[in-house]
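See structure below.
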Amino acid sequence: MRLPTKLYRPITTFGLSTNLQLPHDTTKRRVAEQSCLTLLQSCNTTQKLTQIQTLILKLGLRNNPLVLTKFASTSSELDAIHYASSFLFSSEADTRVYDTFLFNTVIRAYAQTSNSKENAIYFYRAMLDYGVLPNKFTFPFVLKSCAGLAHLNLGQSVHGSAVKFGFDDDLHVQNTMIHMYCCCNEGVESARKVFDETPKLDSVTWSVMIGGYARLGCPAIAIALYREMQVMGVRPDEITMVSVLSACTDSGALELGKWIESYVRREKIQQPVELCNALIDMFAKCGEIDKAIKLFRQMSVRTIVSWTSVIVGLAMHGRGEEAVSLFEEMIKTGVAPDDVAFIGLLSACSHSGLVETGRHYFNSMVEKFGIEPKIEHYGCMVDLLSRAGLVKEALDFVQQMPIEPNQIIWRSIIAACHARGELKLGESITKQLIENEPMHESNYVLLSNIYAKLLHWEKKTKIRETMDMKGMKKIPGSTMIELNNEMYEFVAGDKSHHQYKEIYEMVDEMGREMKRAGYVPTTSQVLLDIDEEDKEDSLYRHSEKLAIAFALINTPPGTPIRFVKNLRVCEDCHSATKFISKIYNREIVVRDRNRFHHLKNGSCSCGDFW
DNA sequence: CTAGGGTTAG
């Protein structure tokens, strides 16, 4: 990690002597000191700080600990903090008055900034260099900075330091420690270790760990941990609820989400906007978009996040027109859209084929709202054109973009090539991608799908071999489904479930019924080049078919079935699910990687393009 | 002077 050396170096260029006489009169001094402090409190720009600095020097108050501390904690603007800290630690300052409190103040100031957290670490090290002892308040600030930097080694060293100074048994330090580890890649295990060694009497400890698992993409563990928390009798607060809700959102655990909504009301847990937003997001992403809209309408205070959550939800459900009119309503209400709101809006246009509307809003970003489009916005536009079948326009658009296109953008175009039969073009783009990033497995999957469609089985097999040779694996498809307040996860060919025999019998029965109704398996997407019957067999073992069979066995007739798939739903499963919705008279709500499919009576809300 | 909160294209 690179630390800013310039701050630590003595700065002697202030040009003012510190040898001015102090006012002898104590009252006068008090007044001067007081006015200095008052001034400092109101000052937040570099310019103002310079003026006050002059005043401090003239009054000879430079080494007054109170002034120093105030000086460090006053600034909210980054430049001002830098300036203040260089002033404090310049060679003219009297280091004898440096104390823990002063360092804590500087460290806190940096820990709270969004992009200057290295400096917090830097001053923590300076503190130790000066021989100033940290206290139990120091570590939460420092650990928070480590968390923001997501720097595991650094975090471990601070952890060691906290142990050395004997503050690792402080609850606040432990909680921040867990949080820090949760924010670092590869840090979960360390987080869990600290968590397991903690008495965990506190809802914060649980919230941190639950939120950590939710953020790391392990919603099932997060939910299990919440249940454990309930068993231990720790009362969750509104922040715990936000963390658990985000786990519900990710895994599609609608029942638990609903339960939390009623629990919050029953237990009279505070309902800040953030919690309402989390509820809206949960309902929208668990397929209950109308419920999300209803909640949104009932809110008395809304933030841009509330609006955006609903817009994104509508986008995922393919209800583009409503998303657009909600966006317009938002502007009329006086809420200025931000870049995220535009991503939601543009993706809504994309999923509903609103090409002209999308173009109009994309242009309005700069023209009307002064928001510079980012790669995500360009990505939405490429997707918009690609999905509408305008592959050539999409390519032109990429060529004219002022930003370097990324893999996501190319994959949008490849998907369109795949869907529109532009297989040669798709093949050449994909080959290019593989050349640039030979270790990215999804590119090989794309190419392999194109070869399957072209019926080039030998080429397809070759790709498979290349992947094996490079030690790459296709991400396994998995399906999460909630039943009787439990989450179940299925992967293709899964036999770990205790009901697996019944499930496979049900899968066979489903296959027979579907064939009778006219279903033809789409075997072209099977990765392996095996004979047709085996291909069918491996299709029937796709995780979503197992999940559907599981739900059919365990729920009364007519109950809607909802599940979440981690990848894009494959062509065959999509068509099979449509048949099942009709044959078994079930409403099936599927959330795949990109969007929702509401299947009912043999047809799907996505209009068969996703 | 101390801790925890996901709205983000495919």
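Note on naming: letters A, B, ... go to the chains in the order of the sequence lines (proteins, then strands), and numbering restarts at 1 for each one.
Distances from the side chain of A/Thr308 to the nucleotides B/dG10, B/dG6, B/dT7 place B/dT7 closest. You'll find that the side chain of A/Arg215 is closest to B/dG6, out of B/dG10, B/dG6, B/dT8. Of the candidates B/dG4, B/dA9, B/dG6, B/dG6 carries the atom nearest the A/Asp250 side chain, counting heavy atoms from C-beta on. Comparing B/dC1, B/dT2, B/dA9 by their closest approach to the side chain of A/Lys136 singles out B/dT2. Taking every side-chain heavy atom of A/Arg108 into account, B/dC1 is the closest of B/dC1, B/dG6, B/dG4. Here the side chain of A/Asp338 is nearest to one of B/dG5, B/dT7, B/dA3, namely B/dT7. Nearest nucleotide to the A/Val242 side chain, out of B/dT7, B/dG5, B/dA9: B/dG5. The listed nucleotides are B/dG4, B/dA9, B/dA3; the one nearest the side chain of A/Thr176 is B/dA3. Checking B/dG4, B/dC1, B/dT2 against every side-chain atom of A/Asn104, the shortest atom distance belongs to B/dC1. Side chain of A/Pro140, nearest nucleotide from B/dG4, B/dT2, B/dA9: B/dT2.
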One pair to check against salt bridge (charged side-chain N to carboxylate O under 4.0 Å, His left out): A/Lys193 and A/Glu197. What are the steps and the verdict? CA-CA 6 Å; A/Lys193 195 161 173 280; A/Glu197 288 164 2; 3.5 Å; yes
Side chain to side chain contact (heavy atoms under 4.5 Å, CB included) assessment of A/Ser243 paired with A/Tyr213: CA-CA 9 Å; A/Ser243 301; A/Tyr213 277 121; over 6 Å; no
Derivation and outcome, salt bridge (charged side-chain N to carboxylate O under 4.0 Å, His left out), residues A/Lys294 and A/Asp290: CA-CA 6 Å; A/Lys294 198 176 155 208; A/Asp290 291 315; over 6 Å; no
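Between the CZ atom of A/Phe141 and the P atom of B/dA3 there is a distance of 6 Å, rounded to whole Å. Rounded to whole Å, the distance from NE2 on A/His377 to P on B/dT7 is 16 Å. In this structure, A/Tyr110 atom OH and B/dT2 atom P are separated by 20 Å, rounded to whole Å. Rounded to whole Å, atom P of B/dC1 lies 20 Å from atom CG of A/Leu133. Taking atom CG of residue A/Leu275 and atom P of nucleotide B/dG6, one finds them 12 Å apart after rounding to whole Å. Counting to the nearest Å, the P atom of B/dT8 and the CG atom of A/Leu314 are 14 Å from each other. A straight line from CH2 of A/Trp307 to P of B/dT7 spans 17 Å, rounded to a whole angstrom. Distance CD (A/Gln112) to P (B/dC1): 13 Å, rounded to an integer number of Å.
Nucleic acid contact class of A/Ser306 (heavy atoms, under 4.0 Å, all strands): none. Heavy atoms of A/Ser207 sit under 4.0 angstrom from at least one base atom. If you check every strand for non-hydrogen atoms under 4.0 Å, A/Lys374 touches nothing. Counting any heavy atom pair closer than 4.0 Å across all strands shown, A/Ala341 reaches no nucleic acid atom. A/Ser246 comes within 4.0 angstrom of a nucleotide base, judged by non-hydrogen atoms across all strands. Within 4.0 Å (heavy atoms only), A/Thr138 reaches no atom of the nucleic acid at all. When heavy atoms are screened at a 4.0 angstrom cut-off, A/Leu143 is found touching no nucleic acid atom at all. Nucleic acid contact for A/Asp339: none, since no nucleic acid atom lies under 4.0 Å from a heavy atom of the residue.
Applying the 4.0 Å criterion to OP1 and OP2 of B/dT8, one finds that A/Lys285 has a side-chain N or O inside that range. Contact annotation: A/His172 does not reach the phosphate of B/dG4 (side-chain N/O to OP1 or OP2, under 4.0 Å). Residue A/Arg387 places at least one side-chain N or O closer than 4.0 Å to OP1 or OP2 of B/dG10.
With hydrogens and angles left out, the side chain of A/Asn277 and the base of B/dG6 share no donor-acceptor pair within 3.5 Å. Looking at A/Asn406, its side chain comes within 3.5 Å of the base of B/dA9 through a donor and an acceptor atom. Residue-to-nucleotide contacts include no donor-acceptor pair under 3.5 Å from the side chain of A/Ser243 to the base of B/dG4.
Relative to the six-membered ring of A/Phe167, A/Lys136 misses at least one condition, a distance below 6.0 Å or an angle of at most 45° to the axis.
A/Asn135 and A/Thr100 are not linked by any side-chain donor-acceptor pair at a separation below 3.5 angstrom, with hydrogens and angles left out of the test.
A search for ring pair (Phe, Tyr, Trp, His ring centres under 6.0 Å) contacts involving A/His317 returns A/Phe596, A/His598, not counting sequence neighbours.
When atom types are taken as modelled, the side chain of A/Asp383 and the backbone of A/Gly379 share no donor-acceptor pair closer than 3.5 angstrom.
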